[in-house]
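Given the structure is predicted, the values throughout are model-derived calculations rather than measurements.
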Amino acid sequence: QVQLVESGGGLVQAGGSLRLSCAASGRTFSSYDMGWFRQVPGKEREFVARISATGGSTYYADSVKGRFTMSRDNAKNTVYLQMNSLKPEDTAVYFCAAKSSGSYSTYPYWGQGTQVTVSS
């Protein structure tokens with residue numbers, strides 16, 4: 001129903017910024033809640049941020065609150081994660097995910113991920 005492709009990852013020094021993008025294909029993007037997750041080797045995938053289908057509400061993990069901002073542009077079928085004041089512990093593969101609005105199920109749709117590396 002929806003395919004997701006992340007971009008914008010790369011290498012950045014601590015204190016720097018990156019903006020990740022997640023481009024969605026399909027015709028029902030505006031009906032999906034979207035999320036960002038990240039994962040490092042040997043650890044479980046962890047929640048980073050989520051945004052409602054309309055973009056009216058957002059929620060962030062405590063570890064990124066105040067530094068990361070999630071947004072969406074439904075006209076462009078794209079969600080973003082603006083990451084500021086990056087820390088080495090933010091290094092991970094970042095994944096974009098989607099689920100039907102109002103659903104309490106796990107996210108069924110995932111992108112391939114984009115690597116973010118923050119150097120000291």
Side-chain angles (χ1 to χ4, degrees):
Q1 293 183 7
V2 59
Q3 293 80 48
L4 307 172
V5 180
E6 303 95 335
S7 63
L11 176 65
V12 64
Q13 293 184 339
S17 298
L18 284 173
R19 189 178 76 156
L20 305 184
S21 298
C22 174
S25 64
R27 301 180 63 192
T28 58
F29 177 74
S30 62
S31 69
Y32 287 94
D33 294 337
M34 303 294 295
W36 285 99
F37 297 78
R38 65 188 183 186
Q39 189 170 28
V40 298
K43 294 185 64 178
E44 293 292 312
R45 189 171 298 180
E46 68 172 339
F47 166 79
V48 175
R50 66 173 183 256
I51 191 167
S52 61
T54 64
S57 63
T58 53
Y59 185 79
Y60 302 93
D62 287 343
S63 59
V64 306
K65 193 174 301 180
R67 300 187 297 119
F68 291 9
T69 302
M70 189 175 183
S71 61
R72 69 189 297 160
D73 187 341
N74 286 352
K76 296 182 178 180
N77 279 20
T78 303
V79 296
Y80 306 94
L81 185 67
Q82 178 67 48
M83 305 185 295
N84 298 326
S85 301
L86 283 163
K87 305 174 181 179
E89 50 262 46
D90 294 319
T91 296
V93 177
Y94 283 72
F95 297 89
C96 176
K99 67 177 181 177
S100 296
S101 180
S103 174
Y104 293 95
S105 65
T106 57
Y107 288 85
Y109 307 110
W110 295 83
Q112 294 296 309
T114 185
Q115 177 71 46
V116 172
T117 302
V118 184
S119 63
S120 301

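Taken together through direct or relayed side-chain contacts under 4.5 Å among Ile, Leu, Val, Met, Phe, Trp and Tyr, F37 and M70 form parts of separate hydrophobic clusters. The cluster map of Ile, Leu, Val, Met, Phe, Trp and Tyr, joined by side-chain heavy atoms under 4.5 Å apart, puts V116 and L4 in the same cluster. Linking Ile, Leu, Val, Met, Phe, Trp and Tyr whenever their side-chain heavy atoms come within less than 4.5 Å puts M83 and V12 in one cluster. Hydrophobic clustering places Y59 together with Y107 (ILVMFWY residues linked when any side-chain heavy atoms are closer than 4.5 Å, directly or through intermediates).
Other residues sharing the hydrophobic cluster of L11, ordered by chain and number and joined by side-chain separations under 4.5 Å: none, the residue standing alone.
Between L20 and the options V48, L81, V79, a side-chain contact (heavy atoms from CB on, under 4.5 Å) holds for only L81.
The shortest heavy-atom contact between F95 and G111 is CD2-O, 3.6 Å. The shortest heavy-atom contact between D90 and S85 is OD2-O, 4.4 Å. A pairwise comparison of heavy atoms in V93 and G113 identifies CG1-CA, 3.8 Å as the closest pair. The two atoms that bring K76 and T78 nearest to each other are O-OG1, 2.9 Å, heavy atoms only.
Annotation: F47 is not in aromatic contact with W36 [ring centroid separation under 6.0 Å not met].
Here the OG atom belonging to S21 is positioned 9.5 Å from the CD atom belonging to Q82, to the nearest 0.5 angstrom. Taking CG of N84 as the start and CG of L18 as the end, the distance is 9.5 Å to the nearest 0.5 Å. Taking OH of Y60 as the reference point, atom CZ of R50 lies at 11.0 Å (rounded to 0.5 Å). In this structure, the separation between CZ on R67 and OG on S17 is 10.0 Å, given to the nearest 0.5 Å.
Under the 3.5 Å distance criterion, with hydrogens and angles disregarded, a donor-acceptor pair is assigned to the side chains of Y94 and R38.
Y80 does not carry R72 over the face of its six-membered ring by the limits of under 6.0 Å from the centre and within 45° of the normal.
Proximity of T58 to F68: side-chain heavy atoms (C-beta onward) are nowhere separated by under 4.5 Å.
Using modelled atom types, no side-chain atom of S103 and backbone atom of S101 make a donor-acceptor pair closer than 3.5 Å. Counting only distance, with no hydrogens or angles, the side chain of T91 and the backbone of V118 share a donor-acceptor pair below 3.5 Å.
Around the CD atom of Q13, the shell of radius 6.0 Å holds no more than 12 heavy atoms that belong to other residues, nucleotides or ligands.
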- List the steps, then state whether side chain to side chain donor-acceptor pair (under 3.5 Å) holds for E6 with T114. CA-CA 6 Å; E6 303 95 335; T114 185; over 6 Å; no
Atom pairs and distances, side-chain donor-acceptor, residues 26-35, under 3.5 Å, sequence neighbours left out:
from	atom 1	to	atom 2	distance (Å)
S31	OG	T28	O	2.7
Y32	OH	Q1	OE1	2.7
D33	OD1	A53	N	3.0

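With salt bridges taken as basic N to acidic carboxylate O contacts below 4.0 Å, one links K65 and D62.
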